[in-house]
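Take a look at the structure below.
Order of the sequence lines sets the chain letters (A, B, ...), proteins ahead of strands, with each chain counted from 1.
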Amino acid sequence: MSRYNFKESEARWQAAWNEHGSFRAVEDPSRPKYYVLEMFPYPSGRLHVGHARNYALGDVVARYKRAQGFNVLHPMGWDAFGLPAENAAIANKVHPADWTFENIRVMRGQLQLMGLSYDWEREVATCTPEYYKHEQKIFLDFLKAGLAYRKESWVNWDPVEHTVLANEQVIDGRGWRSGALVEKRKLSQWFLEITRYAEELLAAIAGLDRWPDKVRLMQENWIGKSSGLRFAFDVVGREDRIEVFTTRPDTLFGASFVALSPNHPLTAELAEKNPALAGFVAECNRLGTSEAAIETAEKLGYDTGLTVAHPFQPGRTLPVWVANFVLMEYGTGAIFGCPAHDQRDLDFARKYGLDVIPVVFPEGAAPAEFRIGDEAYTGPGRLGNSGFLDGLDVEDGKRAAIARMEELGRGEGTTIYRLRDWGVSRQRYWGCPIPVIHCEACGIVAVPDDQLPVELPSDVDFDEPGNPLDRHPTWKHVSCPSCGGAARRETDTFDTFVESSWYFARFASPKVEDRAFDRAAAEYWLPVDQYIGGVEHAVLHLLYSRFFTRALSECGYLDLAEPFAGMMTQGMVTHATYRDRDGLWLYPEEVALRDGTPVRASDGAPVEVGRLEKMSKSKKNVVGLEGMIESYGADTVRLLLLSDSPPERDLEWTEAGIDGAWRYVNRLWRLVTEPAVPLPPPGAPAPASFSDAALAVRRVTHKTVAAVAQDLDRFHFNKVVARVRELTNALADLQGAGEGEAWALREGCEVLVTLVNPMMPHLAEELWHRLGHPGLLADQPWPEADPALVVEDTVKVAVQVNGKLRATIELPRDCAEAEAREVALAEPNVQRAMDGKPPRKVIVVPNRIVNVVA
RNA sequence: GCGGGCGUGGCGGAAUUGGCAGACGCGCCGGACUCAAAAUCCGGUUCUGGUGACAGAGUGUCGGUUCGACCCCGACCGCCCGCACCA
């Protein structure tokens, strides 16, 4: 009994594909194209099985589409700018560039071990000037088109390290390294006007019919269109007004306070003369800038002592508070609170003893007896206690309130979006330099095209905190391209989402030097037909890319709105986490089982097993890929990643599964290389007739072809694996040694090997070769099912009595209802269950079920 | 807090989308081969009762719609993801 030698085979076939240029993509307008793309990785160090799952999924699609005759583009690259490189620089005294390129080198080698069908000639790394110079040009075009602008915005500031902190570096309101309480600071930064496309980005979601519904819904909610009323309250005793936005103008008579954001200009003005308020604002700012932190914090307020006049009730005033849950970025940065009909307002009112005035009464409730307890009433009803709105329902009330406000000239009905413009400035070294110059005389001056790219200086140090670009002795000192005077280079770099917002277009023509991409090539390949990546990118990266594609089109680069025609979100690969007694994370390979209890392998110390979590370096619950490939081969690893869990669901990596996959690889190997019957030569004509056994196997073969194609089209790869295993079992069980059996076995093996090819390409090539075929399986077309062998003449039909299964009967396919009914009722077990009584009703679902209602 | 998702045997999952719950695999149990082990092969494996045919229960919990519910509706519980400077 032989074993599959994966080491030899994988090396051989990888070399063969390479030599034949099997996966090189060339534009060919005469053939239908198919662009498969997996989200390119950040080169964090080593490839783990979580990455590998993503690429295995994409490779199945790419190889399947290739076999179907599409001209496939399947590229790979590196999203190479980012924070971890700077952290490594600080921790290990390596240059971010050296660290990054070394990681790319290692990870590229690991990817190549997997035998993925990439066109490696199209590889890009975003941290190279060859890539980012085009990004700088794109930005300058956006600037010209008015899509880029500067405004002040808040950042997390670590007062000890004198550094801007990313949200993930703020832990419980403190800087991750210094432990200092984080402050918020206002900086002037670059923004891209994504809100210009808010309506279009929202409307076009409906057309993304090959995207998961959940992603479309999340994007819709993220854009967050809502209509309502914007109006102003007069501040008592002052000249100015407070503008608010509300989606519930119908509840205006139930208003009992106005709340300002801690960052509202009026708050700032009042705080100047009010140290207590200034203290409150400072406390709010300690929460950092993340919305999650702000929204989950305890609701806090500060009474400013100001009041505003109620716009519809002369003489009535409302107190003005500052509240930590009012976001300056949404609406006008101020709200009115109606505690009776909004839960957050109610919690706030109860806490600070503010009025709760119900104005919406559910149908049938007597207004005099209707009380608000701990829960705000947000349902439908009739308005009361509401002056001219009394008696209207909620929707009519909204319209009437807006109309009155417009008559009064105090406000207007408007639509607002939750979506905010995209802040792209980062105060970091390892990113694409923003190509502008600040001149005292000329203001913001674009770096002229002939001076692009603005390259990152390599002589930087990370010994001191802060941005090394800003500290660099010479880099930022330049002369103004406009007036020639002394000027200062922008030292901020781009958010790394900028690079990933157009890389899919760069892949169309990664070698062109004078443009971001060749338009004809981009328009040939785009949109991406199938994009595959983690759900965690469901909103930001995908939305930014959709925006970028539109903006590029507006600037004349392209004529395209949507970059990704098909989208698949893949679940995470999870693994248990382990900690020792001191709470330090351990790698899975550092943990051993002793008498069923996990202990540290080195000294037997107790280990605490944590919950399953997404594989991440920080928690050390990563399973390296290289060791797996070394011990079991790429195909076994690929098979395991594709079996079991459906792609969109999380997959728990277990060591147990790999043995099962390896077992199957060998089972398949032996089925083909040691057939029970000697196989006829390739291409031998079919015998005139087949035995029942041979025919049965042929049926399974063709049914499998049909089912696998359907499952592949829907990305149900785990089911593909199950079906392929069933075919393997059927072929292995084939009895008889006649000509028909031998022929059916060859047919089955060839089909099996072809079906398995997208998943386990090395093994499939090897077996194809052993079956006596001279060419590459990679060049073979996808098999087609013979319809005559797929459909059976009889069907098994379940018989239920009162919804409970009592028998199974065999019926001719598509037989008459009367016949089905008769056969079903004749079943002894059915008779018994009915206790001799006649049926009241019989429901016949053709070819499926007969349900007898007794 | 807000938005989104998920929940089925000991485990991963399947169920043609309202029609036989548990395909396929892992694990486990028993057997064959072997001096023995590994590998391989054969059989069994949702739970309860029964030697058995069979009967009853069963898809996170509670309720509803239906001839029929893992699937649809309502309420709840648990876990996971995102929340704009991680990528």
Base-pairing mate for B:A23 - Watson-Crick or G-U, with both contacts under 3.5 Å
none
Going by atom types alone, do A:Gln570 and A:Asn54 pair a side-chain donor with an acceptor below 3.5 Å?
yes
Below 4.0 angstrom from OP1 or OP2 of B:A84, is there any side-chain N or O of A:Arg420?
no
Counter-base of B:C2, judged by Watson-Crick or G-U geometry with both distances under 3.5 Å:
B:G82
Across the strands shown, which category fits A:Ala538 at heavy-atom distances under 4.0 angstrom: base, sugar-phosphate, nothing?
nothing
Around atom CD of A:Glu375, are there more than 12 heavy atoms from other residues, nucleotides or ligands closer than 6.0 Å?
no
Side-chain N or O of A:Arg649 versus OP1/OP2 of B:G7: is the shortest distance under 4.0 Å?
yes
Taken to the nearest whole Å, OH/A:Tyr664 to P/B:U40 is 15 Å
Taking atom P in both B:C73 and B:C81, what distance in whole Å separates the two?
26 Å
Can a side-chain donor-acceptor contact be found between A:Asn167 and A:Thr289 if the only test is distance below 3.5 angstrom?
yes
N or O in side chain of A:Asn221 less than 4.0 angstrom from B:G4 OP1/OP2:
yes
Please give the distance between the P atoms of B:U59 and B:A21 as a whole number of Å.
12 Å
Looking at A:Trp502 versus A:Tyr131, is the centre-to-centre ring distance below 6.0 Å?
yes
Now, which nucleotide makes the Watson-Crick or G-U wobble pair with B:A57, with each of the two distances under 3.5 Å?
B:U46
Which residue, A:Gln343, A:Lys351, A:Arg350, forms the side-chain hydrogen bond (donor to acceptor under 3.5 Å, both in side chains) with A:Asp347?
A:Gln343
Mate of B:A14 where both pairing distances stay under 3.5 Å, Watson-Crick or G-U:
none
With rounding to the closest Å, how many angstrom separate the P atoms on B:G9 and B:U46?
13 Å
Does a side-chain N-to-carboxylate-O contact under 4.0 Å join A:Glu295 and A:Arg344?
yes
Please state the P separation for the pair B:G19 and B:C72 - nearest whole angstrom.
11 Å
Choosing from B:C85, B:A14, B:A84, which nucleotide comes nearest the side chain of A:Val164?
B:C85
If I pick the P atom on B:A53 and the same atom on B:G44, what distance separates them, to the nearest angstrom?
14 Å
Along nucleotides 17-29 of chain B, 5' to 3', which nucleotides get a B, which get an S, and which get a -, given that the test is a protein heavy-atom distance under 4.0 Å?
--BB--BSSSS--
Salt-bridge test for A:Glu490 and A:Arg150: reply yes if a basic N is under 4.0 Å from a carboxylate O, no otherwise.
yes
Hey, is the side chain of A:Lys804 poking within less than 4.0 Å of OP1 or OP2 on B:A57, counting only N and O atoms?
yes
Map A:Lys214 and A:Ser645 onto RNA chain B by nearest heavy atom, then report which one ends up closer to the 5' terminus.
A:Lys214
